[in-house]
There are 2 protein chains.
Amino acid sequence: MTSKYRRLARQLQGQIEAGVWQSGDKLPSLRDTVKQSGFSLMTVLNAYQLLESQGWILAQPQSGYRVAPRQHSPANTARPALHAAEAVDINAFIFNVLQAGQRSDCVAFGSAFPDSSLFPQEQLARSLSRVARHLTPDQQLVLPPGCAELRRAIARRYAARGTEVAPEEIVITSGALEALNLSLQVLTRPGDWVVVEAPAFYGALQAIERLQLKALAVPVDVASGLDLGALADALGRYPVKACWLMSHCQNPLGVSLGAESRSRLLALLREHQVPLIEDDVYAELYDGEQAPLPLRALDRDVLHCSSFSKTLATGLRIGWVSAGERAPDIQRLQLMSTLSTSAPMQLALADYLASHHYDRHLHTLRRVLLQRKQRFYKALCQQLPEQVCVHPGGGYFLWLSLPDGMDATRLYHRALSEDITIAPGRMFAAGDQFRHCFRLNVSLPWNSRTEAAIARLAALARELIQGC
Amino acid sequence: MTSKYRRLARQLQGQIEAGVWQSGDKLPSLRDTVKQSGFSLMTVLNAYQLLESQGWILAQPQSGYRVAPRQHSPANTARPALHAAEAVDINAFIFNVLQAGQRSDCVAFGSAFPDSSLFPQEQLARSLSRVARHLTPDQQLVLPPGCAELRRAIARRYAARGTEVAPEEIVITSGALEALNLSLQVLTRPGDWVVVEAPAFYGALQAIERLQLKALAVPVDVASGLDLGALADALGRYPVKACWLMSHCQNPLGVSLGAESRSRLLALLREHQVPLIEDDVYAELYDGEQAPLPLRALDRDVLHCSSFSKTLATGLRIGWVSAGERAPDIQRLQLMSTLSTSAPMQLALADYLASHHYDRHLHTLRRVLLQRKQRFYKALCQQLPEQVCVHPGGGYFLWLSLPDGMDATRLYHRALSEDITIAPGRMFAAGDQFRHCFRLNVSLPWNSRTEAAIARLAALARELIQGC
């Protein structure tokens, strides 16, 4: 039988190996450990001394014990990372791609978010500090539909573009992703048919899988946008319960629908009485002079979803849906699943929006994003083999296609091994039709690092094509 | 045909009526409105002057136009509040009760949260300010599983109680509610059987409805806790996929399972290979000297869900699940639905927890909550008619029952009309068996206001009983 102090020592060692305590961390005092473990002071002291003799911890005169420095970081030496039990599927693939995109040592052409150094960090921090200092107990919890001042601020931004949206039609959500998911869920039941785009934002495909819906994928052309003939066909043949699409800066293609197509689209949906979920997260990131009107501006029955994640701060997780008469249903569903989004963040955002700097920031952001996109576009056209097409579009993405039959997933893996991420086409459709494509985030600054990464990407693409 | 300026005036008037612009708000400048609307300056000026003549807005020398003060608040005069389309169901009822609980003019005995004046507001604000000042672009987005420092801090709190939980088993969520919902969803498919308690936290009933599961409600006794015989029966007769319960400070009863019952419970679940979702949001709010061990401490296969909403700040919306080997599944599901919780909030919480004040705060919080509960318990026993039972339990709730056959929903409505909220029993079960019960939040300070409210509540209960 193992002695008590050895058992305690092994327990602490396990915690250090698991990263609960890291190099330099102060361990609980002998007294606290006695109290918590129920062991005698002598047992605890013996355990600590054993760990010290094994090099796990260091005694610090007057200040107890600390974890000793280690050769490797805990991430490398701790128990093996947990693995998913399921077979590899589209969600596992998307998850892996997104996780890889978080590595700060990568050139993140695969990222979905604009380069965060373009965001008004200091102004937001000031708003957050101001709110933190004056937060009253009453403001601590904001139940659905969310902070009234923030909903009014959003309603004013609609009003400034001539769209009538009352604050009570707006529900604040955890980013646009929750807004889109809640919208889809209030409109459907498992087994229902839903229209999505092909290619589509992968969040739509994941939501459909999660809610056990059936997808009708309507093609989107990289130049003209959604195929309205195919949409009419889908609506005519299936009992479609909702349509989820982007009319502006479609992700991943960057294409926007023209005025006539937009009218025809809405007429079609009205004819078949199918409600529209409009994903409009790139609303503020238009290339020209004039902001395009959301479809919501033309039809009150549209559930219009957007957020501040692409324009102000990726990590705030504040989005909204303007849901018209369905706002109470959305609120109830939110109350059942996440309750609400962080109250201080909502207040900080309302504070920032009240300062009138947002439009100035957006103006600069659009200008810089356009410049950067043009610089990358030029470099890619020059360096990529001619068999690779680069499709210019709105927003801060470029959509590229390798020759038919090739698999951009291979390019993704090769690039990743050289610390460059891209978003492979496989992420954007349930089928295989975009496997030869990939999306690049071109919001990054053009510098020696990104320039070298583009050169490597071009070389890898050339190798891949020549190897075929 | 209406003239342009009248159309514009009516549009602005609509925005004021809808609360987009409120009394005292500065309206967009004439120049901005010209730019946005495409109308001429003369048209815009005419519209503003018309609104001024009608008393909607006021011209301010040198500073444009502001919305005029109004007789009634916009909430009363704006377009009628949106109504739910669905028939009244348990969710609509719960929603209404929770919304009413938000009214700051009510004595909130119906609230689910402790009196927020007990929270360390200033220390949290300092952490939030500190984080805001030093937030780097890299920290802006924290994808699942959430901020590493916060997960380590939580793992240390487990370790301090002798429970081994590695940081990578923990997923940070939007409050415990998201943790519970994600846990239930990874374990089930629509149509599956799930064991819940009767009475239960209404969030469990809502999650089951939302995920289209079938519930087996196992009775919980106000003195002895979960009926293990009934549980064994349920597990033996149905293919149960998950069990969701609270072993400590059960909501709404406040009862905790004894050591022997806890072992038997876990043995039963192991025998039937049914995973347990443990809702442990009141873990820190124990009445005695020693913190009870979570069931997770006895069995690694338990998904242990908790949060800081009941101990630190209701509105942060930061919770977690310690999900063991299922952590990657939880992460994937979160990535599909809300993406992540607010990064600055996670960082602020990690900062606060690093300061070592949390345990001191909890110590005081437990002491004050116990004192307040005892005060209310005494007053209720003295003042309520003898037919009303008051059940003492752990935490900051009391569970009361009217005579069988009576409906506490009536008491709820009568109390609400006098600006007092209670949580009627109907919220805590799908069936009618707890309609005669209600839950009181007794974390409020004992003062003239709450004393008067208790007296009114006692009087209303007496009237109700005499009227029967």
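Numbered from 1 within each chain, the chains take letters A, B, ... in sequence-line order. Any value given below was found using the heavy atoms of this structure, including those in side chains, with hydrogens, waters and symmetry copies removed. Since we're looking at a predicted model, the values are computed, not measured.
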Engineer: Which bit of A:D115 comes within less than 4.5 Å of chain B, counting heavy atoms only: side chain, backbone, both or neither?
Structural biologist: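 When you check distances to chain B, no heavy atom of A:D115 falls under 4.5 Å.
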Engineer: Contact part of A:R210 toward chain B, heavy-atom cut-off under 4.5 Å: side chain, backbone, both or neither?
Structural biologist: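 For A:R210, the contact with chain B is made by backbone and side chain together.
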Engineer: Looking at chain B, which one of A:A348, A:G319, A:P190 has the largest number of heavy-atom pairs inside 4.5 Å, strictly under?
Structural biologist: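 Between A:A348, A:G319, A:P190, the count favours A:P190.
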Engineer: Can you tell me how far the CD atom of B:Q334 sits from the OG atom of A:S174, to the nearest 0.5 Å?
Structural biologist: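 The distance works out to 8.5 Å.
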Engineer: Hey, is CZ on B:R133 packed in by over 12 heavy atoms from elsewhere, all under 6.0 Å?
Structural biologist: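 More than 12 within 6.0 Å, yes.
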Engineer: Could you check which of A:A207, A:G203, A:A176, A:G162 has the highest count of heavy-atom pairs closer than 4.5 Å to chain B?
Structural biologist: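 So the answer, after comparing A:A207, A:G203, A:A176, A:G162, is A:G162.
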Engineer: For B:R152 and A:G19, work out which heavy atoms get closest and say how close.
Structural biologist: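 Smallest interatomic distance, heavy atoms only, reads CD-O, 2.8 Å.
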Engineer: Would you say NZ of B:K26 has more than 12 non-hydrogen atoms from neighbouring residues, nucleotides or ligands within 6.0 angstrom?
Structural biologist: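 Yes, enclosed.
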Engineer: Atom CD of B:Q206 and atom CG of A:L335: how far apart are they, to the nearest 0.5 Å?
Structural biologist: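 B:Q206 atom CD to A:L335 atom CG measures 6.0 Å (nearest 0.5 Å).
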Engineer: Just how far is it from atom CD of B:E178 to atom CD of A:E178, taken to the nearest 0.5 Å?
Structural biologist: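 Output value for this atom pair is 7.5 Å.
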Engineer: Taking every heavy-atom pair that is under 4.5 Å apart, which of A:S127, A:A148, A:A125 has the most such pairs with chain B?
Structural biologist: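 Going by pairs under 4.5 Å, I would pick A:A125.
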Engineer: Taking side chain as everything from C-beta outward and backbone as N, CA, C, O, which of these in A:Q212 sits under 4.5 Å from a heavy atom of chain B? Side chain, backbone, both or neither.
Structural biologist: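 Just the side chain, heavy atoms under 4.5 Å.
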Engineer: To the nearest 0.5 Å, what is the distance between CE on B:M345 and OG on A:S342?
Structural biologist: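 Reported to 0.5 Å precision, the distance equals 4.0 Å.
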Engineer: Between B:T341 and chain A, which part of the residue has a heavy atom less than 4.5 Å away: side chain, backbone, both or neither?
Structural biologist: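 It is the backbone, since no side chain atom gets that close.
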Engineer: Output the distance between atom CG (B:D32) and atom CG (A:D359), rounded to the nearest 0.5 Å.
Structural biologist: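 That separation rounds to 8.5 Å.
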Engineer: Heavy-atom pairs under 4.5 Å with chain A are the metric here; pick the option from B:R189, B:K35, B:R151 that has the most.
Structural biologist: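 The option with the most such pairs is B:R189.
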Engineer: Using a 4.5 angstrom heavy-atom cutoff, name the option from B:P28, B:G38, B:S129 with the most pairs to chain A.
Structural biologist: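 Ranked by contacts with chain A, first place is B:S129.
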Engineer: Measure A:Q185 against the heavy atoms of chain B and call it side chain, backbone, both or neither at under 4.5 Å.
Structural biologist: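 When you check distances to chain B, only side chain atoms of A:Q185 fall under 4.5 Å.
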Engineer: Minimum heavy-atom separation for A:V165 and B:V20, please, with both atom names.
Structural biologist: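 Distance-wise, the nearest heavy atoms are O-CG2, 3.7 Å.
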Engineer: Might you confirm whether atom CD of A:Q11 has over 12 heavy atoms from other residues, nucleotides or ligands at distances under 6.0 Å?
Structural biologist: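 Above 12, so yes.
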Engineer: Roughly how far, to the nearest 0.5 Å, is CG of B:D25 from CZ of A:R156?
Structural biologist: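 One finds 4.0 Å between CZ of A:R156 and CG of B:D25.
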Engineer: Looking at B:A291, B:A179, B:P167, B:A155, which makes the most heavy-atom pairs under 4.5 Å with chain A?
Structural biologist: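 Option with the top pair count is B:P167.
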Engineer: Below 4.5 Å from any heavy atom of chain A, which atoms of B:A160 appear? Answer side chain, backbone, both or neither.
Structural biologist: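 Only the backbone of B:A160 comes within 4.5 Å of chain A.
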Engineer: Who wins among B:L177, B:L333, B:L118 for the most heavy-atom pairs under 4.5 Å with chain A?
Structural biologist: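 Option with the top pair count is B:L177.
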Engineer: Could you look at A:S309 and say if it's the side chain, the backbone, both or neither that has a heavy atom under 4.5 Å from chain B?
Structural biologist: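 Looking at A:S309, nothing touches chain B.
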